[in-house]
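Notes follow once the structure below has been shown.
Predicted model only: the values in this text are computed from it and were never measured. Every number for a ligand or one of its atoms is a count from 1 in the order of the listing.
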Amino acid sequence: MKLCVFCSASEKIDQKFKDIADETGRIMAKNNIGLVFGGGKLSMMGAVASSVTANGGHATGYIPGHLNESEGGHSDIEDIHIVDTMHTRKMHMAENSDGFLVLPGGFGSMDEFFEIMTWKQLGIHHKPIIIMNAHGYWEPLLKLMDHIIAHNFARPEHKNIFDVIQTPDELMKMLSKHERFKNI
Ligand code: AMP
């Protein structure tokens with residue numbers, strides 16, 4: 001099984017968030033869950049991929065050519081695919097994973113999360129989407145989504161499109177509640 005992880009590429013964030021990425025990668029590798037990610041080496045993205053491979057797991061990255069040239073892909077990862085655009089990358093990440101995990105991140109992670117969430121809302125896919133509200137980071141996002149529903153811009157049942165966990169420890173239990181991951 002493969003989990004696509006969206007998370008920060010910013011080097012300026014607090015170390016406690018990079019530690020979350022590291023721990024998540026360790027738990028995925030120990031439980032035989034492969035990583036699909038944006039292919040970069042920066043910050044949490046780099047940390048989760050390094051941790052997966054350091055713990056004997058497999059990571060697959062999709063990086064657009066322009067980012068690969070400006071930043072370089074993740075050097076520890078052999079399974080890196082250079083793609084033409086950000087859109088192609090998101091398509092590959094979505095198609096080649098069995099579920100999605102949103103760790104703390106910025107606008108890039110939010111773009112990836114909302115795309116995958118709206119695709120699920122429209123029935124384009126039925127894969128689990130888990131938000132990890134580590135250190136309460138996503139609290140404002142969760143409130144925004146409640147606000148959207150309270151004003152009828154989305155239906156209450158759309159809250160069931162995704163799950164929320166607080167720590168990496170909760171990941172496997174939450175995944176196993178989903179039919180697709182029930183044998184993990
Ligand atoms: P952000 O949350 O704004 O830091 O953006 C990180 C997310 O967007 C990751 O999940 C990546 O898939 C993608 N992304 C944004 N910037 C980069 C980058 N410099 N290298 C690789 N992926 C990136």
message = I'd like to know if the side chain of Y137 reaches the main chain of G105, judged simply by a donor and an acceptor atom lying under 3.5 Å from each other, with no hydrogens or angles considered.
response = yes

message = For ligand 1 and G40, I'd like to know whether there is a polar contact (N/O to N/O, distance under 3.5 Å).
response = no

Element-labelled atoms of ligand 1 that are located less than 4.0 Å from some non-hydrogen atom of G105 = 2 (O)

task = Output yes when the distance from some N or O of ligand 1 to some N or O of L42 is under 3.5 Å, and no in every other case.
result = no

inquiry  = Geometry only, no angles: is I63 polar-contacting ligand 1 at N/O separations under 3.5 Å?
reply    = no

Under 3.5 Å: donor-acceptor pair, side chain of S97, backbone of M93 = yes

request  = Select one of side chain, backbone, both or neither to describe which atoms of E71 lie under 4.0 Å from any atom of ligand 1, heavy atoms only.
outcome  = side chain

query = Cut-off 3.5 Å, side chains only: do H178 and D163 have a donor facing an acceptor?
reply = yes

message = Could you tell me if S50 and H74 have a donor-acceptor pair between their side chains, going purely by distance under 3.5 Å?
response = yes

K127 NZ: over 12 foreign heavy atoms closer than 6.0 Å = yes

key: Atoms of ligand 1, numbered as shown, that sit under 4.0 Å from any heavy atom of G38   = 12 (O), 21 (C)

task = Could you tell me if any non-hydrogen atom of R89 lies under 4.0 Å from any atom of ligand 1?
result = yes

query = Heavy-atom contacts under 4.0 Å between C7 and ligand 1: side chain, backbone, both, or neither?
reply = backbone

inquiry  = Quick check on contacts: which atoms of ligand 1 are under 4.0 angstrom from a heavy atom of F6?
reply    = 10 (O)

